[in-house]
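Below, each value reflects all heavy atoms present in this structure, side chains not excepted, and no hydrogens, waters or symmetry copies. Remember, predicted model here, so these are calculated numbers, not experimental data.
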Amino acid sequence: MRTTAAKVKTIIDTDLEDLKVEEFINTSNVLINSQLSGTTLGEDLLTEIEKWYAAHLIASSRERMASKEGAGGASIEYVGTYDKGLDSTPYGQQVQALDPTGRMAGLGGNRAYIKSL
């Protein structure tokens, strides 16, 4: 693994214990290695992408960012308007910005379809 729980926690506010954060980092590391290994990207950039991807995984599953929370009527609104995949969190959007290869943005891909008129 290239990054640490402490470094991930500098960009995402989480109460997760370091061991749990390291599980997300491990997943991030596996994906980054499979997608970006063999590219010309340097270790420093791969470290940054791994850190931001781990934060994306945390934000996607455990620590969604609330903009409004309620009590009586129990409601919650989440920050921002996001799409699917890496576009679903600001951390994932940063992963895409950091990756000049475009490989990370292509994860999940768009399905092709034919529409006849």
Side-chain angles (χ1 to χ4, degrees):
M1 293 187 292
R2 295 176 184 88
T3 195
T4 65
K7 289 180 182 178
V8 171
K9 287 181 173 184
T10 65
I11 61 171
I12 185 169
D13 185 25
T14 180
D15 292 329
L16 291 175
E17 295 179 14
D18 286 357
L19 191 59
K20 289 286 185 189
V21 173
E22 288 170 4
E23 291 175 19
F24 288 103
I25 293 170
N26 184 58
T27 301
S28 178
N29 179 265
V30 169
L31 183 72
I32 299 306
N33 288 343
S34 73
Q35 295 298 311
L36 300 176
S37 178
T39 65
T40 59
L41 302 182
E43 279 301 307
D44 289 344
L45 185 53
L46 291 172
T47 299
E48 287 300 307
I49 295 170
E50 184 176 290
K51 176 176 69 176
W52 285 91
Y53 192 75
H56 166 74
L57 293 173
I58 292 168
S60 296
S61 60
R62 298 289 301 259
E63 304 284 343
R64 297 231 16 227
M65 298 178 293
S67 63
K68 283 186 186 178
E69 296 179 12
S75 71
I76 186 167
E77 290 181 30
Y78 293 103
V79 172
T81 304
Y82 302 108
D83 202 351
K84 297 177 184 174
L86 288 173
D87 288 328
S88 67
T89 71
Y91 309 102
Q93 293 169 14
Q94 186 63 37
V95 167
Q96 294 176 82
L98 289 168
D99 174 23
T101 70
R103 289 183 182 183
M104 297 301 291
L107 292 178
N110 294 322
R111 294 196 172 129
Y113 66 94
I114 299 173
K115 181 178 181 181
S116 62
L117 300 174

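- The heavy-atom pair separating L57 from S28 by the smallest distance is CD1-N, 4.0 Å.
- Sorted by first then second residue, the salt bridge (Lys or Arg N to Asp or Glu O under 4.0 Å) pairs that include residues 22-33, not counting sequence neighbours, number zero.
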Test side chain to side chain contact (heavy atoms under 4.5 Å, CB included) on D87 and Q93; report intermediate values, then the result. CA-CA 5 Å; D87 288 328; Q93 293 169 14; 4.1 Å; yes
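- Annotation: side chain to side chain contact (heavy atoms under 4.5 Å, CB included) contacts of A55 (sequence neighbours excluded): V8, I11, I12, Y91.
- A continuous path of Ile, Leu, Val, Met, Phe, Trp and Tyr side chains, each step under 4.5 Å between heavy atoms, connects L107 with W52, placing both in one hydrophobic cluster.
- Among pairs with a residue in residues 50-61, those fulfilling salt bridge (Lys or Arg N to Asp or Glu O under 4.0 Å) read R2-E50, E48-K51, at least two apart in sequence or across chains.
- Contact detail for G85 and H56: the closest heavy-atom pair is O-CE1, 3.3 Å.
- Shown are I32, I49, T89; of these, the side chain to side chain contact (heavy atoms under 4.5 Å, CB included) with V95 is made only by I49.
- To the nearest 0.5 angstrom, Y53 atom OH is 15.0 Å from Q94 atom CD.
- The CG atom of L19 sits 10.5 Å away from atom CD1 of I25, with the distance rounded to the nearest 0.5 Å.
- Closest heavy-atom contact between M104 and L31: CE-CD2, 3.8 Å.
- Remark: E17 pairs with no residue by the salt bridge (charged side-chain N to carboxylate O under 4.0 Å, His left out) rule, at least two apart or across chains.
- Here the closest heavy-atom approach between residue P100 and residue L45 is recorded as CD-CD2, 4.0 Å.
- Partners of T101 by side chain to side chain contact (heavy atoms under 4.5 Å, CB included), not counting sequence neighbours, listed by chain and number: L36, T39, L41, D99, R103.
- Residues satisfying the salt bridge (charged side-chain N to carboxylate O under 4.0 Å, His left out) criterion with K7, sequence neighbours excluded, are absent altogether.
- To the nearest 0.5 Å, atom CE of residue M1 and atom CG of residue N33 are 11.0 Å apart.
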